[in-house]
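Below: the structure, in structure tokens.
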Amino acid sequence: VNCLNSVQRTFRRSAGTERGAVQTEGTLGEDSGEKDGPKSFYELMADRQEQAEKSVLISCQSRTSEKKFLNFLSKHGDIKKHFFYESYGVYAVVEFACRDNVVSLLESAAIPSVSHESMVPFKSRLLSLRNHSSGESPSLPCQPQTTVPINELIQRLSREESVDEQISSLTEAYQLREENSRLRFLVCSLLKDIAAAYFPECTIKPFGSSVNGFGKLGCDLDMFLDLDTISGKNLKTPKSGLSLEYQMKRTNSERHVTQSILSVIGECVDHFGPGCVGVQKILNARCPLVRFAHQPSGFQCDLTANNRVAMKSTELLYLYGELDPRVRSLVFTIRCWARTHGITSSIPGAWISNFSLTVMVLFFLQKRSPPIIPTLDCLRDLAGPADESVIEGNDCTFVTDFSKILLQSNTDTLEQLLTDFFEFYATFPFSRMSLNIRKGKEQNKPEVAPLHIQNPFETSLNVSKNVNSSQLDRFVALCQESAWLLQQSETRTPTGVGGKHTTKPWGLATLLLPSQVAGVKGRKKRKPHHASERIKSLLESLKSKNDGKKNSDS
Ligand code: CTP
Ligand code: MG
């Protein structure tokens with residue numbers, strides 16, 4: 001097994017061990033120090049879900065006294081954690097010591113009196129604080145829930161002294177904060193209370209970038225309605241004696257069951273869910289979903305059911321991000337770069353998705369010499385019996401115990417990785433080859449598609465099936481331009497050191513400025529001949545630089 005040979009470096013806890021290392025959700029805030037070693041994905045999920053179950057969301061008036069507010073609430077029990085944030089008004093997330101405290105709090109709440117409207121009599125843990133006393137207090141201290149605007153980020157990066165520091169600084173600015181992560185689990189928990197009207201034993205879990213360690217403040221909230229405890233897949237029936245089983249309605253298609261469950265829950269969210277607006281049922285998609293906005297949190301939500309493979313890919317991404325701090329830093333940087341140049345978009349379409357981009361970064365890191373992260377096949381070989389997982393015939397087994405993973409010694413700097421990432425994809429043979437993180441190798445494309453990235457678990461699927469050739473061309477052209485820019489001495493020289501006011505962008509900040517590549521920005525105004533000439537000359541200059549580098553190396 002490739003990754004077991006020539007082992008020189010064992011896994012070390014990534015967060016907080018190096019300057020600029022990414023704070024991970026498993027090691028955030030007061031949670032750090034509770035445990036040695038990184039939290040497994042399951043521990044992280046279980047802890048956050050438990051906190052969410054004991055939490056309430058309260059709309060407050062900004063000029064409420066924090067002290068009075070906490071005194072008032074602590075009549076119902078000890079408050080373990082609280083914070084405020086702003087989203088069309090100020091909200092508080094309050095976690096109590098136990099679930100009974102929440103019950104007591106809810107019992108004390110009144111039904112609002114309305115004169116000209118009618119109310120849907122659905123009670124939830126989303127409340128409003130009424131303040132009848134007079135007197136003004138200072139504004140409540142709000143935690144930011146959005147990222148810095150791009151221009152501010154460019155200024156911030158320009159003041160750093162190295163590209164490595166720029167990358168770390170970008171990561172710190174963009175990653176989810178502990179509070180935002182808690183809020184995401186709380187929204188899932190509030191929705192679970194609605195779904196529980198039909199399925200009392202269900203849970204709703206976040207997946208995707210909310211929990212995979214690559215989420216940016218403001219990213220959507222992907223949720224998965226988990227009914228596995230009810231569908232009884234894991235229950236054994238006794239072989240002798242009497243036993244009972246539930247009578248259940250049967251249909252001939254699992255997809256149909258998923259669609260009807262989501263349809264009913266979608267209706268329920270639409271009609272009864274406090275704060276849930278703009279509900280759309282998208283049930284004919286490959287993965288049926290209900291999409292809506294949760295106003296009090298400001299999250300765009302996608303609720304799916306029967307989506308356990310996506311949960312596994314979330315866990316895999318989390319694991320890769322935990323293995324080496326460079327993984328998250330590079331992913332955040334590439335995602336930010338891609339978003340700035342319109343390579344990715346919040347609107348669904350023929351663009352490259354963040355998920356595809358992340359897999360592209362992982363693939364690139366597997367191809368380093370020595371590799372920075374192991375292949376999925378390698379993680380599969382390290383798995384123990386408890387890690388076995390086969391979902392709808394797909395092998396989703398991989399090791400969950402991080403300590404079993406031994407990494408090779410690779411000392412590449414972030415700057416080097418960033419430059420080489422752009423060069424790697426500027427010259428990748430996309431027309432013939434498919435990216436495969438299971439094998440850590442490119443393979444002949446099994447089907448025609450401009451960009452082919454094998455889905456790590458559903459291996460017959462292409463993660464980037466939606467991408468058209470013009471979007472891929474833009475990506476490649478921008479990789480070429482960015483690789484070229486990073487090799488120019490004026491880009492590579494810090495300008496901000498000692499600067500007083502605005503600083504001239506340099507390094508990574510230069511890459512986030514509007515692109516110079518003709519045809520990349522305004523596709524309609526594109527002049528193909530001119531653009532290809534420019535790209536050709538960029539490539540030429542890249543090649544000659546590389547040759548120079550190789551010659552000087554040898
Ligand atoms: N997913 C997948 N195959 C795809 C698209 C998505 O398996 N073709 C899974 C991945 O686990 C992904 C999750 O669904 O992480 C959520 O998808 P999406 O919201 O598109 O991506 P995120 O990773 O959440 O990134 P973003 O911040 O853009 O939402
Ligand atoms: Mg998402």
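Values reported hereafter were calculated over all heavy atoms of this structure, with side chains retained and with hydrogens, waters and symmetry mates removed. Atoms within a ligand are numbered from 1 in the order they appear, just like the ligands themselves. As the structure is a computational prediction, the values presented were derived from the model and not from experiment.
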Cation-pi check, K312 onto F457 ring (under 6.0 Å, within 45° of axis): no

Identified ring-ring contact (aromatic ring centres under 6.0 Å, His included) counterpart of F421 within the set F363, F364, F428: F364

Proximal ligand 1 atoms for S313, defined as those under 4.0 Å from one of its heavy atoms: 7 (O), 10 (C), 11 (O)

Minimum-distance N/O/S atom that D220 presents toward the Mg ion (ligand 2): OD1

Atoms in ligand 1 flagged as close to D220, the criterion being non-hydrogen separation under 4.0 Å: 19 (O), 29 (O)

Heavy atom of the protein closest to atom 15 (O) of ligand 1 (residue, atom name, distance): G208 CA, 3.4 Å

R255 (side chain) donor-acceptor with N284 (main chain) under 3.5 angstrom: yes

Proximal atoms of ligand 1 relative to C219 (non-hydrogen, under 4.0 Å): 27 (O)

Structural part of S209 in contact with ligand 1, heavy atom criterion under 4.0 angstrom: both

Proximal candidate to atom 28 (O) of ligand 1 [heavy atom criterion; set N212, T314, L317, N354]: N354

Nearest to the Mg ion (ligand 2) - the N/O/S atom of D222, by atom name: OD2

Stepwise side chain to side chain donor-acceptor pair (under 3.5 Å) check, T375 with D377: CA-CA 5 Å; T375 64; D377 269 349; 5.6 Å; no

Backbone N/O of M223 and side chain of T304: donor-acceptor pair under 3.5 Å: yes

Within-cut-off N or O pair, D222 and ligand 1, under 3.5 Å: yes

Check against salt bridge (Lys or Arg N to Asp or Glu O under 4.0 Å), R291 and D220: CA-CA 10 Å; R291 177 166 289 171; D220 68 354; 5.8 Å; no

Contact check, R335 vs ligand 1, heavy-atom distance below 4.0 Å: yes

D420 vs R368, salt bridge (Lys or Arg N to Asp or Glu O under 4.0 Å): CA-CA, chis, key distance, verdict: CA-CA 10 Å; D420 291 355; R368 302 299 290 173; 2.9 Å; yes

Ligand 1 atoms in contact with V463 (distance to a heavy atom under 4.0 Å): 8 (N)

The one among F214, F457, F207, F355 that brings a heavy atom closest to atom 12 (C) of ligand 1: F355

E43 (side chain) donor-acceptor with S40 (main chain) under 3.5 angstrom: yes

Protein non-hydrogen atom below 4.0 angstrom of atom 20 (O) of ligand 1 present: no

Plane angle bin for F83 and Y85 - parallel if under 30°, tilted between 30 and 60°, otherwise perpendicular: tilted

